[in-house]
Each structure stands twice: as C-alpha cells, then as structure tokens.
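Remarks on the structure that follows.
In each ligand, atom 1 is the first atom listed, and ligand 1 is the first ligand listed. One-based numbering along the sequence shown.
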Amino acid sequence: MHIPLPFDQRTTVGAVSTGELPALEVVADLLVEVHELYGDLDEGEVADYIPALADADPSLFGVSIVGVRGASLSVGDALHPFSLQSISKPFVFALVCDAIGHEAAREKLGVNATGLAFNSVMAIELNEERTMNPMVNAGAMATTSLVPGATPEEQWAFIADGLSRFAGRALTVDDDVYRSESATNLRNQGIAHLLESYGRLYADPDRTTDNYTRQCSLLVSAVDLAVMGATLADGGVNPLTGVEVISATTCKHVLAAMATAGLYEHSGDWLYEVGLPGKSGVSGGIVTISPGKGGLGTFSPRLDGAGNSVRGQRATRYLSEKLGLNIFASKPLPTTSGVGSAG
Ligand code: DON
C-alpha cells in the first residue's frame, strides 16, 4: 500500500514541529487545503458486508483536529454522524488496561501484529498462544470480554460510559447499524466461540459478541474522534472536559498497540508514511494521535481493500507531513564544532 503525496518529499523541506501543534491559523489553512485536495478523490468502495453501512453517501468527507490545550478546528462533514466500528477497539482496550493492568492485558490478549485481515480466523489458528492483538476482531472481542462487570449489562454500561468520557459527551447506539450487524455477524460469533474453545475468551461468547457489536454501533463524528484522540494524546485527560479518563501509563501502551496493528496488514505502510498511531473503522472513520500535541479525526466512507478510508489516509498523511507530526522525524542538530553536542 502507498499513500501518495501531491509534492516530492525529497525536494520539499519537511516540517518537524516541536512539542506543540503549529499556530492555529496554520492548522486552519491546512485543513481547508487538505479538504480541497482530496474532496473529489473517488477511489475505494463503501463497505456493504454490514448492510446498513452500504447506504452511506460516498461523497461525505470531514476532517477535525483537537489540540491537547482544547483548541478544535474542523472542515467539511466533520459533524456528520457515523458508527464507530473498529475505532472502538483501542478505547475499550484502554479501559481494560486501566481496570486489570497493562501487563495482565498483554498476557491475556497479546499485542503483536497478525499481518492478516481484521476478521481473520486463520490468525488464531496460526498462533500457538491463540492470542491476537486488541485491534483485530478476535482480540477486540477478547478485550470486550474482559471489561469489568458481573453481568453483560454491567459490562455494556462500563463500555458506554467509558467511551462517552473519551468523547466528552454521551454517545448513543445507532439501532439500525446494531440490528443490521447483529443479523449478519456469524463470522464474529464463530470467532468468539473459537477463542472460547482455546480459553482465550473471558466471558460468554454470544453476550460478548453482542456487546462488541453495540460498541461498534456507537454514533460519533470526526470531531468526536479528534476529541477521543486528543485524550490519548494528553496522557488520558480529555482536553475539553478536563476529566482523566485513563492513566498516562495506559495511554502509552494503547498507542503502541495502535501503532502495531491499527491499520491491520497495512500498519507497516501507515507508520512508514504517516508515522503516528492510528485506528481505522469500516464506516470510514480514522482516528490518529500525535502524542503530546493532539488528535486528528477523519471521515470518508470510501475504503481500500483492507477496510481503511482512502481519503482519510491521504488527508492524514498530508497533515502529518505539513504539520510535522511524524514521531520518527527529526532534524539534524546544528553542529558548531563539527562534532554533535553532548547529550
Ligand atoms: O466486526 C466487524 O466486522 C465490524 N463491526 C468492525 C470492523 C471494522 O471496522 C474494520 N475496520 N476497518
């Protein structure tokens, strides 16, 4: 996979921003620019394996950035609601890490990339440990099964409350999407039962699949994604509400898991070109985190073959380059004596 840029990196001086997002007017101009640049890009297909998603308008496109100091800028269809889908996974993983500890979470769930599709069954069979990572369906359902609560209803209340605190507002379920996916999720049901047969699901498989389907059906917008991302970028504190949703320790482990497998079998290409932890969803959302700086939310329903939004990937790469967010980027220190300064 390659995410092309409309300029030659080799001849364009790359930005490497300091610990802060650049000035808001710079960010605002770039949002307008990126929306104009990719607004007519019609590569990719709207998802249809969940029938309710097939009705999405492929022309929709919204981009939003929220800084760790609370600044919020958006362009296009940034308030248009869509279902959270797989973007729910890193946030439920974060809540579980905080509840049982990140080491126990790793032991029970795994954190290594599978290199296979998001809903792969083969990945379970190929791994003797039968663990996955929390970003693919199998690992995500195992994560949902670990959510605190004596009953599936209590577990659901914990998930809905936790994800709403990340968004800074009460999130609600899209009943049409929930019913549509519940009527067609036999593969996920099969994955849950297979994990249970290996002792890698920690609650009832059918109730777990149901709660997982609900979390995927929560309605958000690109603005909500940017707020949720900014919360992970700000050590677990929601920059709009000031609420500490999770610990800073948990944040760094969640971002590592996102970097590893957030874009599934294309996660290596994504890091190579965008250089930031990100997570995509099959309804067309992508959340991307610039640690210490802010969160980026994009929405466009046209997807590539791996289930990742095409415009979302292009826009995120462009902004990462132009805003200097790539965590792997550095500029050579100016040397005075021809020898680098100590330390
Ligand atoms: O479980 C599923 O298949 C969907 N609820 C979520 C999949 C998804 O978002 C894949 N991401 N690109």
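Counting atoms of ligand 1 from 1 in the listed order, those under 4.0 Å from a heavy atom of Glu181 are 1 (O), 2 (C), 4 (C), 5 (N). Against a heavy-atom cut-off of under 4.0 Å, Tyr49 is close to the following atoms of ligand 1: 2 (C), 3 (O), 4 (C), 6 (C), 7 (C). Of all atoms in ligand 1, numbered sequentially from 1 with element shown, those under 4.0 Å from a heavy atom of Cys216 are 5 (N). Listed by number with element, the atoms of ligand 1 under 4.0 Å from a non-hydrogen atom of Asn137 are 1 (O), 2 (C), 3 (O). Close contacts between ligand 1 and Gly281 involve ligand atoms 9 (O), 11 (N), 12 (N) [criterion: under 4.0 Å to a heavy atom].
Protein heavy atom at the shortest distance from atom 1 (O) of ligand 1 is Tyr212 OH, 2.7 Å. Looking only at heavy atoms of the protein, atom 4 (C) of ligand 1 is closest to Gln85 OE1, 3.2 Å. Atom 10 (C) of ligand 1 has Ser86 OG, 3.1 Å as its closest protein atom, hydrogens excluded (heavy atom only). Of all protein heavy atoms, the one closest to atom 12 (N) of ligand 1 is Gly307 O, 2.8 Å.
Considering backbone and side-chain atoms together, Tyr264 places an N or O closer than 3.5 Å to an N or O of ligand 1. On a distance-only criterion, Phe118 and ligand 1 share no N/O pair closer than 3.5 Å.
Taking all atoms of both residues into account, the shortest heavy-atom contact from Val63 to Leu31 is CG1-CD2, 3.6 Å.
Residue-ligand proximity: Asn119 is placed with every non-hydrogen atom at 4.0 Å or more from ligand 1.
Using a cut-off of 4.0 Å between Lys/Arg side-chain N and Asp/Glu carboxylate O, Arg165 and Glu244 are scored as not salt-bridged. Taking a cutoff of 4.0 Å between a charged side-chain nitrogen and a carboxylate oxygen, Asp175 and Arg179 do not qualify as a salt bridge. Using a cutoff of 4.0 Å between basic side-chain nitrogens and carboxylate oxygens, Asp224 and Arg169 are scored as salt-bridged.
Surrounding CD of Glu45 are at most 12 heavy atoms belonging to other residues, nucleotides or ligands under 6.0 Å away. The number of heavy atoms from other shown groups lying within 6.0 Å of CZ (Arg69) does not exceed 12. Counting heavy-atom neighbours within 6.0 Å of Asp40 CG, excluding the residue itself, gives a total of 12 or less.
Within the 4.0 Å heavy-atom criterion, both parts of Val282, backbone and side chain, lie near ligand 1. Residue contacts with ligand 1 for Asn188 involve side-chain atoms from C-beta outward but no N, CA, C or O (heavy atoms, distance under 4.0 Å).
Contact annotation: the side chain of Asn127 approaches that of Met132 to within less than 4.5 Å [non-hydrogen atoms, C-beta and beyond].
Taking the six-membered ring where the residue is Trp, Phe118 and Tyr264 present tilted rings, their angle falling between 30° and 60°.
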